[in-house]
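Quick notes on the structure that follows.
Heavy-atom basis, side chains included; hydrogens, waters and symmetry copies ignored. Remember, predicted model here, so these are calculated numbers, not experimental data. Chain naming here is simple, since letters A, B, ... match the order of the sequence lines and numbering starts at 1 in each.
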Amino acid sequence: MMRPDGLHNRAARRRADKLRRRLERVASSGGSSLAALTTSVLSLPGLAGNARADAPVDRVYLDISGSYYKEDNISPSEVQPGSNRERYEIQMYQLHAKTPAPFFKNVDLDFDVVYESMSGGSPWWVERDTTSPSPKAIQVMSEPTIKDQRTDVRVAVNRYLEDGRFSGAGGASWENDYLAGYFGFDGEKHFNDKNTTASLGFTASFDTITPTDWEEFGRVEEEEKWTFTLFGGVSQILSKVSAIQASLTYKYSSGYLTDPYKRVADRSGARPEARPEKRNQVTLGLGYRRHFRSVTGTLQLDYAFNVDTWDINAHTFDLRWYQDLWSWGRVIPTFRYFSQSQADFYAVFFDFIPDERQYYSSDYRLSPFGALSYGLRLEGGGVIESWGDLEWSLFGSYMRYMSDGDWALGDVLVANPGLVNFHLFSAGISGNF
Amino acid sequence: VSRRISACLLSGLAVLLLATGCAGVKPWERELHARDDMGWGTNGQEAQRMSHIFFSKEAAMPAGSGGGGGCGCN
């Protein structure tokens, strides 16, 4: 490629300047490595807009998708004889719109709506299997009568600056027994001739839970919690084909952090679990991107280390390969490995819980385990010129998730029988107008 | 635990400082960085889905996220 600093005549220099400006616009408008961390903090409650650009959109973009999530039935050998074996299933529908803001230059808006319909049974508490000569746990399941719906609505305003962006977002999520409201701000600034991008963000969430059947099962009637998250990160372009990112996330949670539907059992019977009222979490994230021109494919590697004041350490490794298929499609195989240690107040089962013990839980999500997941995503798209250059795309994806005590990085003496395996199918369509 | 959190913070800071020391790539050499697969967020709706599922089934907080919305019970 031409280098403008090697040119000697004025006309050629003008042409080179024009080319450089055009490439700068490409690199900054579509360059999501520069817009690196845009979805991060504002994804609190999981509602990320597309990390699509470092400039406002000039048309309306719509993404619509549907997903089906289905957990495997619990194994007969892991469950109390005669107990329900059926677990959760969820239908999820998502709508995202990104649109230029009326009256304001360099501003665009994101709207997200999620609707979920959930049903099935859930792990309730764990007991020691007294018929087994070696320590063995069995799961007591709830009846498969749980039914709930969740709706989540979020709005974000994005203001684009010459060397960065600033966004504010707010939203709410509600279920039959749960209400959450949240807001957040985040921004990013480019440095070093736009080779480096620094991001900062903050979010706050206030949640209220009013458990169903609280009198019948001795649950709390109504409880609240606050959550604050701080995020900082840097992404750096390393070469023409590679980039790296590092981030730190800190989260402080205060209030009712217990799951009101989980119980623990000892010799005296089952009672509601109890967790500490405060939790501090820190996550270090590292990412690497490398494009291979020879095969028109891109490697994505991500690692996260999480530590918290409940004594849980976790490692997450993510691997994705984006393979272009001719000019219209892409296939993306994915692989993920996750491992966590147990919370300090967790035990798979309790023989006896003394009165002075404050916190106790047998929830499988606080147990030590490892999880493997793999998946495949197929994408295709194009432009219909006769419809005003309408850009469209379709995708279909599948993911399998499996967890096991033996797959944890540390030793696990007795795995929690409630560990989950699931399938996830998704499909969607996108377009602009 | 506080020692582990401090170590985590310090190592993160070191990585950030090292990363910013890299040599620059000129704007006209960055066309491949405009590809969406060279970015840091996966597809927005997919990230949203996966964040909520992992928040509901695992105890860790993902990098760059406040977790998931809703109860995450069951």
**Asked** Is chain B contacted by the side chain of Met399(A), its backbone, both, or neither, given a heavy-atom distance below 4.5 Å?
**Response** side chain
**Heavy-atom contact with chain B under 4.5 Å, split by part of Ser242(A)** = backbone
**Message:** Working to the nearest 0.5 angstrom, can you tell me the gap between Ser56(B) OG and Tyr69(A) OH?
**Reply:** 7.5 Å
**Item:** For chain B, the option from Ala304(A), Gly285(A), Ser426(A) that forms the most heavy-atom pairs under 4.5 Å
**Value:** Ser426(A)
**Asked** Can you check whether Arg49(B) reaches Met92(A) side chain to side chain, under 4.5 Å on heavy atoms?
**Response** yes
**Asked** Among all residues two or more places apart in sequence or in another chain, which pass the ring-ring contact (aromatic ring centres under 6.0 Å, His included) test with Phe369(A)?
**Response** Phe338(A)
**Item:** Heavy-atom check, side chain of His33(B) versus side chain of Asn195(A), under 4.5 Å
**Value:** no
**Request:** Report yes if some heavy atom in the side chain of Arg30(B) is under 4.5 Å from a heavy atom in the side chain of Lys240(A); otherwise report no.
**Result:** no
**Where Ile312(A) and Ala59(B) come nearest, the two heavy atoms and their spacing** = CD1-CB, 3.7 Å
**Asked** Quick one: does Met50(B)'s side chain get under 4.5 Å of Leu424(A)'s, heavy atoms only?
**Response** yes
**Message:** What's the separation between atom CG in Asp63(A) and atom CD in Gln48(B), rounded to the nearest 0.5 Å?
**Reply:** 10.0 Å
**Item:** Salt bridge flag under 4.0 Å for residues Glu29(B) and Lys194(A)
**Value:** no
**Asked** Between Asp37(B) and Arg290(A), is there a salt bridge with N-O shorter than 4.0 Å?
**Response** no
**Item:** Max heavy-atom pair count under 4.5 Å with chain B, selected residue of Arg330(A), Glu116(A), His315(A), Met118(A)
**Value:** Arg330(A)
**Message:** Contact between Asp193(A) and Pro27(B) at the side-chain level, heavy atoms closer than 4.5 Å - yes or no?
**Reply:** yes
**Prompt:** Do any N or O atoms from the side chain of Thr298(A) and from the backbone of Met38(B) form a donor-acceptor pair under 3.5 angstrom?
**Reply:** no
**Item:** Under-4.0 Å salt bridge between Lys57(B) and Glu71(A)
**Value:** yes
**Asked** Side chain, backbone, both or neither: which part of Asp318(A) has a non-hydrogen atom closer than 4.5 Å to chain B?
**Response** neither
**Asked** Could you state the interatomic distance from CD (Gln45(B)) to CG (Asp112(A)), rounded to the nearest 0.5 Å?
**Response** 7.0 Å
**Asked** So, do Ile53(B) and Phe422(A) sit near enough that their side-chain heavy atoms are less than 4.5 Å apart?
**Response** yes
**Request:** Could you tell me which portion of Ala343(A) (side chain, backbone, both or neither) has an atom closer than 4.5 angstrom to a non-hydrogen atom of chain B?
**Result:** neither
**Prompt:** Would a distance-only check, ignoring hydrogens and angles, find a side-chain to backbone donor-acceptor pair under 3.5 Å from Glu58(B) to Arg365(A)?
**Reply:** no
**Fill in**
Okay, Ser67(A) and chain B: the region with an atom under 4.5 Å from a heavy atom over there is side chain
**Asked** Measuring heavy-atom distances to chain B, does Tyr401(A) have an atom under 4.5 Å in its side chain, in its backbone, in both, or in neither?
**Response** side chain
**pair Met61(B)-Tyr250(A): side-chain heavy atoms closer than 4.5 Å** = no
**Most chain B-contacting option - heavy-atom pairs closer than 4.5 Å, from Trp174(A), Phe228(A), Tyr88(A)** = Tyr88(A)
**Fill in**
Heavy atoms of Trp40(B) and Ser235(A) approach each other most closely as NE1-CB, 3.7 Å
**Prompt:** At a heavy-atom separation under 4.5 Å, does Val241(A) approach chain B through its side chain, its backbone, both, or neither?
**Reply:** both
**Message:** Which atoms of Leu95(A) are under 4.5 Å from chain B, going by heavy atoms: the side chain, the backbone, both sets, or neither?
**Reply:** backbone
**Item:** Partner residues of Phe191(A) under the ring-ring contact (aromatic ring centres under 6.0 Å, His included) criterion, sequence neighbours left out
**Value:** none
